[in-house]
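What you see below is based on every heavy atom in this structure, not just the backbone, and it leaves out hydrogens, waters and symmetry mates.
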Amino acid sequence: MKFDKNTKIGELLEKAPEKAEILMEAGMHCLGCPASQAETLEEACEVHGIDADELVAKINE
């Protein structure tokens, strides 16, 4: 399955829980927070100062 910047974190973790490690390595340590589940990857990247395109590419490798 391919993910994009509009994928919600909750959806990503539901469909590919193994990708949590990539998010944690990028500095997103709040994956258990209820608010983060409804955020898109792009929104979360903005908050954390991460390049969304690079993160999405890594998730889809």
Side-chain angles (χ1 to χ4, degrees):
M1 171 170 205
K2 286 288 228 184
F3 300 99
D4 62 37
K5 294 190 289 188
N6 295 313
T7 302
K8 294 193 183 297
I9 291 177
E11 178 185 0
L12 171 68
L13 296 176
E14 181 181 310
K15 294 182 178 180
E18 70 279 4
K19 303 295 185 179
E21 185 176 338
I22 294 170
L23 299 179
M24 295 288 285
E25 288 173 357
M28 294 182 186
H29 300 283
C30 54
L31 299 180
C33 172
S36 74
Q37 301 301 300
E39 279 186 324
T40 65
L41 289 170
E42 184 172 39
E43 291 167 337
C45 284
E46 285 178 20
V47 170
H48 292 281
I50 299 166
D51 184 296
D53 292 319
E54 286 181 18
L55 183 66
V56 169
K58 190 168 188 176
I59 288 169
N60 285 316
E61 284 180 351

What about Met28 and Val47, same hydrophobic cluster or not, with Ile/Leu/Val/Met/Phe/Trp/Tyr joined at side-chain heavy-atom distances under 4.5 Å? no
Give the minimum heavy-atom separation between [X] and [Y], together with the two atoms involved.
X	Y	result
Ala26	Leu55	CB-CD1, 3.9 Å
Ile59	Phe3	CG2-CD1, 3.7 Å
Met1	Asn60	O-OD1, 3.9 Å
Cys45	Ala52	SG-CA, 3.6 Å
Thr40	Lys5	CB-O, 3.4 Å

Does atom CD of Glu25 have more than 12 heavy-atom neighbours, drawn from other residues, nucleotides or ligands, at distances under 6.0 Å? yes
Quick one, [X] and [Y] - any side-chain contact, counting heavy atoms below 4.5 Å?
X	Y	answer
Lys15	Thr7	no
Leu13	Gln37	yes
Glu39	Lys8	no

So if I apply the side chain to side chain contact (heavy atoms under 4.5 Å, CB included) rule between Leu12 and each of Val56, Leu23, Ile22, which one comes out positive?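 Of all the options given, the one that passes is Leu23.
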When rounded to the nearest 0.5 angstrom, what is the spacing between NZ in Lys58 and CG in Asp53? 15.0 Å
